[in-house]
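First comes the structure, then the notes that go with it.
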2 protein chains.
Amino acid sequence: MQRKTFRNMQCPIARGLERVGEWWSMLLMREAFYGARRFDDFQKNLDIAPNMLTRRLTALVEEGLLERRQYSEKPPRYEYVLTQCGRDFLPVLLAMLAWGNKHFAPEGPSVELRDKETGKVVDPVLVDAGTGERLNFKRHALVAGPAAADGMRRRLASAASFLGGAEQTGEAGGAVLAGDLP
Amino acid sequence: MQRKTFRNMQCPIARGLERVGEWWSMLLMREAFYGARRFDDFQKNLDIAPNMLTRRLTALVEEGLLERRQYSEKPPRYEYVLTQCGRDFLPVLLAMLAWGNKHFAPEGPSVELRDKETGKVVDPVLVDAGTGERLNFKRHALVAGPAAADGMRRRLASAASFLGGAEQTGEAGGAVLAGDLP
DNA sequence: CAGTATCCTGTCCGATACTG
DNA sequence: CAGTATCGGACAGGATACTG
């Protein structure tokens, strides 16, 4: 049977993973944000076998992250451009980048996000676009949405009490987001 | 040879993927944030085979995202708790959640992030913690860091001109982050 | 340049059985 | 409850050759 498909799952994270879970997918998305459009663009920076590249590219097109667009009649040539869905993936990539830089770059970062005006390194954090408030589990919570099944509701209820901040083992615990996971 | 290891790569995204690229890894992390600590906690919500669970859990411990901690002498029992590194992974998960909700929940979201005070749904976006400015490629840029090799420098230079916003195909393109990817 | 066509292999993962 | 031990299969991924 191999890998279970998560497609029928409720969890939005699992659903996202369905689309970009393969090893190359996120790297291809990264390349797309770096400006790659053509087969060759992707290939030369990634050292990926051409058949694999075809497969992953096709998959990303099917999932709706990329669009295959003809840019030459003859010979017929196609390029792969980010769709809106694909562009919306950027925050995930940047969150990953920040996390990678923070924890897996002992020799210092090789890629940094910088403010062009001040020249300073940017520390990217998540905030609520509406209020500008930094995300934290004192004020914000994961709750069941309209489409949630019963099982999901129960799980989120128990998750809420965990994330909500009740000390539970007498252990202080470190900071998360704005600083308060038990 | 199978899957190339990205460990020697410069890119922080690839380095991150090294740790959480497997299918189950991110789901296990999600569970950890939902409060799972014990073997059984993880197992019952995920429908994962016990041997796989052991493997992934062990891997996450080795990567430093979880810590295996003894909570009972006899019988010897262990629990898996988030390390600082693991907690810092939350933004990636939330970004993924937001993305999944936006694009892959046609029937409406089953999990929402809400502001407990206002009751409103949160739209999570990335900002610069220093300035509060929403990330956008007019003002912010990916640049080579101190540890960047030459190849990386070149790539980022070309990426910069892409992300920076030069119209390049006469196509307007949609919004990214604060709204301006070409 | 932009792929397609084969073939092969590793391993991720699933199923099941078993243990203290 | 918290795993370990085997076994097997499917597919991601690699290598290489070939085409218009």
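In what follows, chains are A, B, ... by sequence order, proteins preceding strands, each numbered from 1.
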Using heavy-atom distances to pick each residue's nearest nucleotide on DNA chain C, tell me which of A:R55 and A:Y78 is more 5'. A:Y78
CH2/B:W99 to CG/B:L97 distance, rounded to the nearest 0.5 angstrom? 12.0 Å
Contact list for residues 152-162 of chain A, test salt bridge (charged side-chain N to carboxylate O under 4.0 Å, His left out), sequence neighbours left out: A:R155-B:E31
Regarding D:dG3, can its base be found pairing with the side chain of B:N51 as donor and acceptor, where the two atoms are less than 3.5 Å apart? no
Take atom CG of A:L53 and atom P of C:dA2, then tell me their distance rounded to the nearest Å. 11 Å
What nucleic acid atoms does A:Q43 come within less than 4.0 Å of, heavy atoms only: base, sugar-phosphate, or nothing? nothing
Would the distance check show the side chain of A:S25 and the main-chain N or O of A:G21 forming a donor-acceptor pair, the cut-off being under 3.5 Å? no
Proximity to the side chain of A:Y71 - top-ranked nucleotide from D:dG13, C:dC12, C:dC1: C:dC1
Pairwise distance CD1(B:I13) to CG(A:L93) - rounded to 0.5 angstrom: 4.0 Å
Between A:L57 and B:A49, the residue closer to the 5' end of DNA chain C by nearest nucleotide is A:L57
Looking at B:E73, I want to see if its CD is surrounded by more than 12 non-hydrogen atoms of other residues, nucleotides or ligands under 6.0 Å. no
Interatomic distance where CZ belongs to A:R3 and C1' belongs to C:dG14 [whole Å]: 13 Å
From A:T83 OG1 over to A:F89 CZ, what is the distance, rounded to the nearest 0.5 angstrom? 11.5 Å
When B:R68 and B:W23 are each assigned the nearest nucleotide of DNA chain D, the 5'-most assignment goes to B:R68
How close or far is atom C1' of D:dG3 from atom CG of B:L28, stated in whole angstroms? 15 Å
Hey, is the side chain of B:T54 poking within less than 4.0 Å of OP1 or OP2 on D:dG3, counting only N and O atoms? no
How close do A:C11 and A:M152 get, counting heavy atoms only, and between which atoms? N-CE, 3.8 Å
Measure all distances between protein nitrogen or oxygen atoms and nitrogen or oxygen atoms of nucleotides 17-20 of chain D, and list the pairs falling under 3.5 Å.
{"unit_1": "D:dG20", "atom_1": "N2", "unit_2": "A:R77", "atom_2": "NH2", "d": "3.1"}

Compare the minimum distances between each of D:dA2, D:dA15, C:dG14 and the side chain of B:W24, then state the nucleotide with the smallest one. C:dG14
Separation of C:dA2 P from A:D40 CG (nearest whole Å): 6 Å
What's the separation between atom CG in B:L65 and atom CD in B:E67, rounded to the nearest 0.5 Å? 12.0 Å
Look up atom CG in B:L163 and atom OH in A:Y34, then write down how far apart they are to the nearest 0.5 Å. 8.5 Å
Under 4.5 Å between side-chain heavy atoms, hopping through other hydrophobics if needed: is there a path connecting A:L113 to A:V125? no
For Watson-Crick and G-U wobble pairs within 3.5 Å on both distances, what is DNA chain D written in dot-bracket notation, | included for inter-strand pairing? ||||||||||||||||||||
Separation of C:dA2 atom P from A:R37 atom CZ, nearest Å, is 13 Å
Taking CD from A:E22 and P from D:dA10, how many angstroms apart are they, rounded to a whole number? 17 Å
Grab the CD1-P distance between B:I48 and C:dT16 for me, whole Å please. 16 Å
Atom CZ of B:F42 to atom P of C:dC13: distance rounded to whole Å? 16 Å
